[in-house]
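Notes for the one structure printed next.
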Amino acid sequence: AVDTVMNTIYNCISNDVKKPGHPFASYESFIRNISPADRDTIVFAIIEQTYESVHEMQVRCGRCGKSFTETVNMPRHISYNYYRGEVPILQKRKILEFPELNWTMHLKIPTVWDEMKTIDDNNNKKASPHAAEYIFIDKIDYIDETDIGKKKETVNNYVAIYGMIANKPAIIRKRIMKEYEEFAGDYGVTGSYETNCQYCDSPITVNINPLSHFMFLLS
């Protein structure tokens, strides 16, 4: 299903950029050269160009548990924060040192391909769903002490990386997530609005997930 939606998104992109040597020259190249945040921006652009401004939203109240439908003006509730860094977003790297573990960790911005691979691995029971939390780690270099001396090793598989991190103290895991959030920044597209439950009048913040809403519109 995800692959079908991504193909639909790719087919909506102008053929003018699907030339040899361009990052979007083919579908495979497209998913390997775009971040999830940029994918979401394209999705919202497609929604705005294809559908009317007013959309039906399914809302569920967390207090009374009841669901209801309401209409909203979608473009009014979408905001964009563009990436303005000097280094192309997918080339960005950040190095974290963990002297106590003899680790050097390299962070990256994951691609849509990274994201889709975790879905495929989970469907085929090749990985724990929690392993996907670490697809932003490009690799971990570490020192392996053997009988014949020290040897530098590298792990660049997200499942193996998860295995290295999973049993480490919470302070290590929290540092990794905090450092990644600062490294990634808040660029991208967000959608949300405030409303009230039609049954109990409780205030509700509705977050608009671009991919989920796109799939809802296609169904």
- Does L211 reach the side chain of R39, with side-chain heavy atoms less than 4.5 Å apart? yes
- Going through the checks in order, is the side-chain contact (heavy atoms from CB on, under 4.5 Å) test met by R93 and D138? CA-CA 8 Å; R93 293 292 185 274; D138 189 32; 3.4 Å; yes
- In terms of heavy-atom contacts, does CG of L218 have more than 12 from other residues, nucleotides or ligands at under 6.0 Å? yes
- Message: Does any part of the side chain of Y82, heavy atoms only, come nearer than 4.5 Å to the side chain of Y187, both counted from C-beta?
- Response: no
- Query: Within a strict 4.5 Å, meaning less than it, do heavy atoms of the S192 and I208 side chains meet?
  - Reply: no
- Message: Run Y142 and V155 through side-chain contact (heavy atoms from CB on, under 4.5 Å) and show every step you take.
- Response: CA-CA 8 Å; Y142 69 98; V155 176; 3.6 Å; yes
- Query: Once the angle between the rings of H130 and Y162 is folded into 0 to 90°, is it parallel (under 30°), tilted (30 to 60°) or perpendicular (over 60°)?
  - Reply: parallel
- Would one find more than 12 heavy atoms of other residues, nucleotides or ligands at under 6.0 Å from atom CD of E56? no
- Query: What do you reckon, is CZ of R63 surrounded by more than 12 foreign heavy atoms closer than 6.0 Å?
  - Reply: no
- Side chains of I89 and D38: closer than 4.5 Å at any heavy-atom pair? yes
- Query: Among side-chain atoms of S53 and N73, is any donor-acceptor pair under 3.5 angstrom?
  - Reply: no
- Aromatic ring proximity Y134/Y158, centre distance under 6.0 Å: no
- Without swapping roles, check the side chain of T41 against the backbone of A37 for a donor-acceptor pair under 3.5 Å. yes
- Task: Report the relative orientation of the aromatic rings in Y193 and H77; use parallel for angles under 30°, tilted for 30 to 60°, perpendicular for over 60°.
- Result: tilted
- Quick check: does any side chain N or O of T50 sit under 3.5 Å from a backbone N or O of I47, one acting as donor and the other as acceptor? no
- Query: Are the side chains of I172 and F98 in touch, meaning some heavy atoms are under 4.5 Å apart?
  - Reply: yes
- Task: Give a yes or no answer on whether the side chain of N124 reaches the backbone of K126 with a donor-acceptor pair at less than 3.5 Å.
- Result: no
- Supply the atom-to-atom distance N209 CG to M215 CE, rounded to the nearest 0.5 angstrom. 10.0 Å
- Taking all atoms of both residues into account, what is the closest heavy-atom pair of T195 and V206, and its distance? CG2-CG2, 3.8 Å
- Exam field: side chain N81 to backbone D186, donor-acceptor pair closer than 3.5 Å: yes
- Query: Under 3.5 Å, side chain of D114 to main-chain N/O of P110, donor-acceptor pair present?
  - Reply: no
- More than 12 heavy atoms of other residues, nucleotides or ligands under 6.0 Å from CD of E100: is that the case? yes
- Query: Is the closest side-chain heavy-atom distance between I161 and K139 below 4.5 Å?
  - Reply: no
- On the 0 to 90° scale, with breaks at 30° and 60°, tag the Y10-F30 ring pair as parallel, tilted or perpendicular. tilted
- Task: Starting from the C-alpha separation in whole Å, work towards a yes-or-no answer on side-chain contact (heavy atoms from CB on, under 4.5 Å) for I78 and V189.
- Result: CA-CA 7 Å; I78 306 302; V189 59; 3.5 Å; yes
- Item | Within 6.0 Å of CD in E97, more than 12 heavy atoms from elsewhere | yes
